[in-house]
Colleague: 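Below you will find the structure I want to go over with you.
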Amino acid sequence: MVNKAWKIIPRPLLETILNNHAQHHRVPQPLILHGPRGVGKTTLILDRILGEWNKGPHLTGYVDFAQSIKDHHPNFDGSFPWYSWSSCELPSVSSCQTQLENCLESMAHKGIKLGTISSHQIFTTLNKWHGINTALRRILNQNASKIAISNKVSSSGLWDRAVFALSARFNASEIDGVLDFEEKGKSLSIDEASYFKEAIVALRLAKEVIKMQQKWRANAIADLNRSGRFSRSLANSCTDWPCLLLELLSQAAEIGHFQPKLVINNVEILCNAMLTDDSMVCGSMYHDSLIWRIIALGANERCLPVILVTSDSYYSYQAFMDFGFPDIFVSRETFGWTPQEAKMHMVTDYFTHAEWMVIDDVLGPNPRHLFEVYVLKQSNYYQKLMDDEASTFEDIVDAYLAYLQVTVVNPSMEKALSILQKFAIDARSGKILEHRLHFGAPWRHPPSSKDPTKCKEWAKIQLMDFVQSLVNAEFGVNYLADCSLEILDDPAAVALVEVGLLYAQRDPSFFRPISKGIQRCLARWLVQERMQLSYQNLLQYLWQRIMRGRSYRHLMLQVGYDKY
């Protein structure tokens, strides 16, 4: 038995592509690194790239919105889930906002220490987008200024006074700690130290100005949340501070001296984050505002490299259309290893050739599957199993498939059923647009009664019908074929994508399970459900298949595009 430690294997092509994008100090577009779960996107960033991007003049801020999900994060001895983050207990919008702002503030402090961000630059950038006079006067009044301030004082004059007043309020040792003056204070002149301190205080003043203006809009935001309406200005007010920091860092970027970058992992969590505070807009509105403004900054003035990492297939195609056009982001889609690459890295080092043939046939080359099977192979369970002469390696793979079935696929299918039940309720109440219930659609006639049992039976038959159509299409459906987009209206397809079992890839444009192992579990689920159907439900299912059944064989995956 092999007892070799698992190693992180380089991916030269993808690493080169990302390095080429990140070596620019400013770029016109953000980059989206996307792909199915388990292909090694986070591992690539953390173990292969992030260290190099923090050497010399390079500085990379890393924000992982999943970091606070303790049950499913490596920082808490967990592992990222196979299913969608929407099935987990998500963080609040406020916590995601705080995480992002803290990261950008620490990067701005680094820029100040290098002398690339000054108090004047902060004032100029803030004054360009915000009317700051009223907020500055209130801040001066809060600092117990007894001198009357003339209405003729300019914005820059108010700014200088507010910086002076605020510097007296802050603890000098706290500012010195931010700037590391304890280490390098002896080598700085008085003028240099004052310059750095003024920039730190100016940054805090800018934050106070923006937070004060946001408080003025608190009632309007609360009313927006109650009514469910949309307001771009109110959404932008919640992203003013991180976007100001992004603009400051982008302006300060200089080749060979200060080259900041930002990596946001699991960005889809922000879109689904919980709203716990009425002074903050909902997660989807905050997410859209932030990305819109990053796009605008890049298009108008060039922005520091921003890399969004996600396993949500929304970002493979639909996000590009929602935010403008198919090339509004730089798209980098990864599917992990090909079977040939995986065999080259795995055989002899981790698995024998015979074991690899079983894995390739059952699970495919998904790196996380390979790692989890290897961990299982090193366990005591494997040793006990191998002591039985009748047992083989296939038993280990079968046990792993059973684990995926029970802990991943079955709970996700239950979540998909609840999504379909909600679709039926919405269709009955008239909330579904008519074009989604077009003539001939298999899902056009949800149960008219409010009986939850009938609604659940209808949802299960719809889901079984869809999975059977996937089986008939060999689990590869081209959703852009013939420009029909018909499968995007299918509530069963939308539900399985939402729970994370299906992935809608960008190039080529196929719906498919996220791995061959998950594909096999979906087929098992269909067989199990058919065996458990009552006679009446079986007749309903057969009638659905014969009279209204889905058929996507005309959208089948073409030969030569197998991406497993």
Colleague: For D223 and R229: C-alpha separation, side-chain torsions, deciding distance, then whether salt bridge (charged side-chain N to carboxylate O under 4.0 Å, His left out) applies.
Modeller: CA-CA 9 Å; D223 180 67; R229 296 193 303 269; 3.1 Å; yes
Colleague: Does the side chain of L270 come within less than 4.5 Å of L100's, by heavy atoms?
Modeller: no
Colleague: Does F80 form a ring pair (Phe, Tyr, Trp, His ring centres under 6.0 Å) with H72? I'd like the steps, not just the answer.
Modeller: CA-CA 5 Å; F80 291 134; H72 296 286; 9.3 Å; no
Colleague: If you compare all heavy atoms of Q99 against all heavy atoms of Q67, which two are closest, and at what distance to 0.1 Å?
Modeller: NE2-OE1, 3.3 Å
Colleague: Taking atom CZ of R444 as the centre, does the number of heavy atoms from other residues, nucleotides or ligands within less than 6.0 Å exceed 12?
Modeller: yes
Colleague: Looking just at side-chain N and O atoms, do S279 and D277 make a donor-acceptor pair shorter than 3.5 Å?
Modeller: yes
Colleague: For the side-chain contact (heavy atoms from CB on, under 4.5 Å) test, which of I514, V494, I518, V497 pairs with L502?
Modeller: V497
Colleague: Indicate whether the side chain of Q214 and that of W241 have a donor and an acceptor atom separated by less than 3.5 Å.
Modeller: no
Colleague: Below 4.0 angstrom, N of the basic side chain to O of the carboxylate: do R520 and D398 qualify?
Modeller: no
Colleague: Take atom CZ of F325 as the centre, draw a 6.0 Å sphere, and report whether it contains more than 12 heavy atoms from other residues, nucleotides or ligands.
Modeller: yes
Colleague: Which atom pair, heavy atoms only, marks the closest approach of V477 to L470?
Modeller: CG2-CD2, 3.8 Å
Colleague: Does this structure show an ion pair linking R550 with D490, if we count only N-O contacts that are shorter than 4.0 Å?
Modeller: yes
